[in-house]
Amino acid sequence: MPLQNHCLYVLLNDLHTGRYHWAFYIPELVPTNTYAPALSLPHPTYHHAAGMRKGDIYHVTNYLATQPWTRELGILLPKSSFDSDATLVLAVKIADFSSEGGLGRHSWNRRRLIQCLEKIGVGENYLYGDPPDVFSCTTWAQEVVRRLSSWEEMGGEGPALECPSPAEWQQEILDWAVEASAQCAGVVGEVVIKESTKCAVWKSRPDGAAKK
């Protein structure tokens, strides 16, 4: 399952403390004739990120508790990060926007995503999640999916995602992350790629009208 353009992913880095760093990612793939074989640990869910040249990261960070929480939106992630990061263990596709206008840098969907992220409060004063918990990149990620799936939050043009239970969405990914960490944490360039069964792009009706 290779990474795809116009899709929204969540990336998990193993922090080696029983916790993971969560970040949303939109890849930009450039066709290449360069052959990049898989590195190690042959397994049907293992894929070397061949052909990826760049992409954008959307996340919150406190730099391992050394600074106050801050959001970083649209940070460039080059191919070298996938090739050299031994902590990145999992990439999960949560929505494919290719039939809904795409996720290009200047697309309507990208603007809606950024606008939603900019409205989510960041810092220790904010409790997110189900049930609400102290602020972290984990609770923030769940809040992002909740808002992107909400008519109330996204307005009359409709949600961006269909996710009935952001808590179940997150648990599914955490279960995969534990498995991925056991198999490839510390292995440079190996990333398990999955597709969420709990979340998908919200689709308008064929006639273009919004659905509720």
Side-chain angles (χ1 to χ4, degrees), residues 1-4 6-27 41 43-49 52 55-62 64 69 71-73 75 77 81-82 85-97 103 113 116-117 120 122 126-150 153 159-187 189-202:
M1 183 192 301
L3 295 171
Q4 297 174 295
H6 302 297
C7 292
L8 180 63
Y9 290 81
V10 63
L11 304 181
L12 269 70
N13 290 73
D14 188 346
L15 301 180
H16 305 297
T17 57
R19 298 180 297 115
Y20 296 88
H21 179 69
W22 291 67
F24 293 94
Y25 173 63
I26 301 174
L41 298 174
H43 189 281
T45 61
Y46 278 77
H47 301 272
H48 187 58
M52 187 178 65
D56 293 324
I57 288 287
Y58 298 82
H59 71 151
V60 293
T61 181
N62 64 353
L64 298 177
W69 284 101
R71 65 171 69 90
E72 295 183 343
L73 306 181
I75 302 299
L77 181 74
S81 293
F82 269 75
D85 190 345
T87 69
L88 180 60
V89 296
L90 182 65
V92 180
K93 182 170 75 173
I94 63 175
D96 183 347
F97 286 83
L103 267 180
L113 170 66
C116 177
L117 298 183
I120 300 176
V122 173
Y126 296 93
L127 301 179
Y128 297 130
D130 182 16
D133 202 352
V134 295
F135 186 87
S136 68
C137 62
T138 306
T139 60
W140 175 85
Q142 188 179 138
E143 179 67 8
V144 169
V145 170
R146 186 193 72 79
R147 294 199 187 194
L148 289 173
S149 305
S150 168
E153 298 288 349
L161 302 178
E162 287 191 43
C163 184
S165 174
E168 291 182 7
W169 164 81
Q170 192 158 66
Q171 188 58 55
E172 175 183 59
I173 295 175
L174 282 170
D175 291 343
W176 286 335
V178 171
E179 178 183 338
S181 291
Q183 297 176 356
C184 69
V187 181
E190 290 289 353
V191 181
V192 175
I193 302 177
K194 295 278 192 177
E195 182 170 357
S196 177
T197 67
K198 306 293 184 180
C199 185
V201 69
W202 181 88

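None of the values given here were measured: they were computed from a predicted structure.
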For [X], give me all partners under side-chain hydrogen bond (donor to acceptor under 3.5 Å, both in side chains), at least two apart in sequence or on another chain.
{"X": "Q171", "value": "D175"}
{"X": "K198", "value": "none"}
{"X": "N13", "value": "D85, T87"}
{"X": "Y9", "value": "none"}

Please set out all donor-acceptor pairs under 3.5 angstrom arising from side-chain atoms of residues 137-145, sequence neighbours excluded.
{"unit_1": "T138", "atom_1": "OG1", "unit_2": "W22", "atom_2": "NE1", "d": "3.4"}
{"unit_1": "T139", "atom_1": "OG1", "unit_2": "V134", "atom_2": "O", "d": "3.4"}
{"unit_1": "T139", "atom_1": "OG1", "unit_2": "S136", "atom_2": "N", "d": "3.0"}
{"unit_1": "T139", "atom_1": "OG1", "unit_2": "S136", "atom_2": "O", "d": "3.2"}
{"unit_1": "Q142", "atom_1": "OE1", "unit_2": "D130", "atom_2": "N", "d": "3.0"}
{"unit_1": "Q142", "atom_1": "NE2", "unit_2": "Q170", "atom_2": "OE1", "d": "2.8"}
{"unit_1": "E143", "atom_1": "OE1", "unit_2": "R146", "atom_2": "NE", "d": "3.1"}
{"unit_1": "E143", "atom_1": "OE2", "unit_2": "R146", "atom_2": "NE", "d": "3.4"}
{"unit_1": "E143", "atom_1": "OE2", "unit_2": "R146", "atom_2": "NH2", "d": "2.8"}
{"unit_1": "E143", "atom_1": "OE2", "unit_2": "R147", "atom_2": "NE", "d": "2.7"}
{"unit_1": "E143", "atom_1": "OE2", "unit_2": "R147", "atom_2": "NH2", "d": "3.3"}

- request: Please name all residues satisfying side chain to side chain contact (heavy atoms under 4.5 Å, CB included) with H59, sequence neighbours left out, ordered by chain then number.
  value: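 In terms of side chain to side chain contact (heavy atoms under 4.5 Å, CB included), with neighbours along the sequence ignored, H59 is linked to H21, A23, I57, T61, E72.
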query: Mind checking what makes side chain to side chain contact (heavy atoms under 4.5 Å, CB included) contact with T17, not counting sequence neighbours?
result: L15, R19
message: I'd like to check the ring pair (Phe, Tyr, Trp, His ring centres under 6.0 Å) partners of W69; sequence neighbours left out, ordered by chain and number.
response: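 With neighbours one apart ignored, the set is F135.
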message: Has E195 got a side-chain atom pairing as donor or acceptor with V92's backbone, closer than 3.5 angstrom?
response: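 Flag not set: sc E195 to bb V92 has no pair under 3.5 Å.
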Test item: Y20 side-chain N/O and L174 main-chain N/O as donor-acceptor pair under 3.5 Å: no
- prompt: Considering residues at least two apart in sequence or located in another chain, which fulfil the salt bridge (Lys or Arg N to Asp or Glu O under 4.0 Å) criterion with D56?
  reply: R105, R110
message: To the closest 0.5 Å, what do you measure between CG (L148) and CD (E162)?
response: 13.0 Å
